[in-house]
Number of protein chains: 2
Amino acid sequence: MLSQQENIHGVFHSLGDPTRRAIVEQLSKGPISVSRLAFPLEITVAAVVQHLQVLEKSGLVRTEKVGRVRTCRMESGGLLVAEQWMNDLRSAWETRLDRLGDLLSEPEEK
Amino acid sequence: MLSQQENIHGVFHSLGDPTRRAIVEQLSKGPISVSRLAFPLEITVAAVVQHLQVLEKSGLVRTEKVGRVRTCRMESGGLLVAEQWMNDLRSAWETRLDRLGDLLSEPEEK
DNA sequence: GTGATTGTCAAGCGAATACTTAACTATTCA
DNA sequence: TGAATAGTTAAGTATTCGCTTGACAATCAC
């Protein structure tokens with residue numbers, strides 16, 4: 001099993017590529033097949049399959065094959081991992097700024 | 001000037017690298033110099049400088065040189081761009097799921 | 001069955017990436 | 001002044017990455 005911590009890299013590495021971000025954006029509008037995904041991106045179906053493997057491993061996408069068509073959908077897990085990392089980062093940063101603000105507004109105490 | 005739209009790639013590309021994420025995490029705890037940043041990462045100062053250039057361009061980090069030491073701090077701009085992208089993505093996805101839920105719960109209408 | 005569609009897999013290629021080393025500049029301090 | 005400190009820059013290298021091509025498998029439609 002892959003811990004959430006270990007998967008942070010998978011998620012951000014996935015989102016670091018513009019083609020994969022475009023795939024996720026498309027998927028946010030609804031499920032779609034591999035070849036329909038490939039067409040507007042103007043890359044081969046093989047390339048899309050490779051991106052899907054990366055996205056699926058990182059929990060951003062889920063796919064299911066019925067007959068000869070594989071349907072791809074967004075998956076919440078990966079997105080959550082990224083959101084959590086950014087929230088943790090921001091809160092660490094902001095609480096530090098708050099403490100700094102307190103110090104500056106009460107300079108008379110030692 | 002760099003539009004927020006164009007900068008999305010800069011931000012996610014920056015965060016796609018584990019060393020740069022570690023730098024941002026460190027910076028969330030407070031400002032720090034280049035060499036102090038390099039030490040725990042066990043890479044050369046030169047490598048850190050290269051990462052800082054990437055991070056600064058994407059608006060995740062701000063640096064300022066005083067005397068011979070360059071102090072690095074977190075910057076809100078880049079983080080905001082990433083948060084915005086993820087919020088847009090999630091809301092597109094969730095409103096779609098909501099509409100789908102409405103359809104399923106009211107199947108008697110045509 | 002035949003032929004068309006949809007996807008899979010492996011190999012290979014060129015470009016980008018993350019580093020290092022080494023030479024250099026600028027600043028501080030004794 | 002001279003030595004130590006902090007960072008910068010350029011060049012080189014090994015690895016990873018995103019993609020293509022081409023051969024193949026499975027499914028569908030006639």
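Side chains are part of it too, since the values below use all heavy atoms of this structure and drop only hydrogens, waters and symmetry mates. This structure is a prediction, so every number in the text was calculated from the model and none was measured.
- When the P atom of C:dT28 is taken as reference, atom CZ of B:Arg70 falls 14 Å away, rounded to whole Å.
- Atom pair B:Leu52:CG and C:dC19:C1' shows a separation of 15 Å (rounding to whole Å applied).
- Listed by first and then second residue, the salt bridge (Lys or Arg N to Asp or Glu O under 4.0 Å) pairs that reach into residues 11-21 of chain B come to none, sequence neighbours excluded.
- If you measure from atom CD of A:Glu56 to atom C1' of C:dG7, you get 14 Å, rounded to the nearest angstrom.
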Going 5' to 3' through nucleotides 18-30 of chain D and flagging B where a protein heavy-atom sits under 4.0 Å of the base, S where only the sugar-phosphate is that close, and - otherwise, we get SBBB-----BS--
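- Here ring-ring contact (aromatic ring centres under 6.0 Å, His included) pairs that include residues 54-89 of chain B, with residues two or more places apart or in two chains, are B:Phe12-B:Trp85.
- The separation between B:Gln53 atom CD and C:dA16 atom P is 17 Å, rounded to whole Å.
- With sequence neighbours left out, the salt bridge (charged side-chain N to carboxylate O under 4.0 Å, His left out) criterion links B:Glu94 to B:Arg90.
- Regarding B:Leu15, its CG atom lies at a distance of 16 Å from the C1' atom of C:dT17, rounded to whole Å.
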As a check on the pairing definition, encode DNA chain C in dot-bracket form, counting Watson-Crick and G-U wobble pairs whose two distances are under 3.5 Å, and using | for partners outside this strand. ||||||||||||||||||||||||||||||
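- Annotation: side-chain hydrogen bond (donor to acceptor under 3.5 Å, both in side chains) contacts of A:Asn87 (sequence neighbours excluded): none.
- Heavy atoms only, all atoms of each residue included: A:Cys72 and A:Thr63 are closest at SG-CG2, 4.0 Å.
- Evaluation of the ring-ring contact (aromatic ring centres under 6.0 Å, His included) rule for B:Trp93 yields no partner, not counting sequence neighbours.
- Of the inter-residue distances, the one linking B:Arg62 atom CZ with B:Leu27 atom CG reads 10.0 Å to the nearest 0.5 angstrom.
- Phosphate proximity of D:dG7 to B:Ser35: present, with a side-chain N or O under 4.0 Å from OP1 or OP2.
- Pairs engaging residues 27-36 of chain A under the side-chain hydrogen bond (donor to acceptor under 3.5 Å, both in side chains) rule: none recorded [sequence neighbours left out].
- Summarising the geometry, the separation between CG on A:Leu37 and P on C:dT8 is reported as 12 Å, rounded to the nearest angstrom.
- Applying the salt bridge (charged side-chain N to carboxylate O under 4.0 Å, His left out) test to B:Arg73 and every residue at least two apart in sequence or in another chain returns B:Glu64.
- The nearest whole Å value for the distance from the NE2 atom in A:His9 to the P atom in C:dA18 is 10 Å.
- Across the protein-nucleic acid pair, A:Arg36 atom CZ and C:dG7 atom P stand 10 Å apart, rounded to whole Å.
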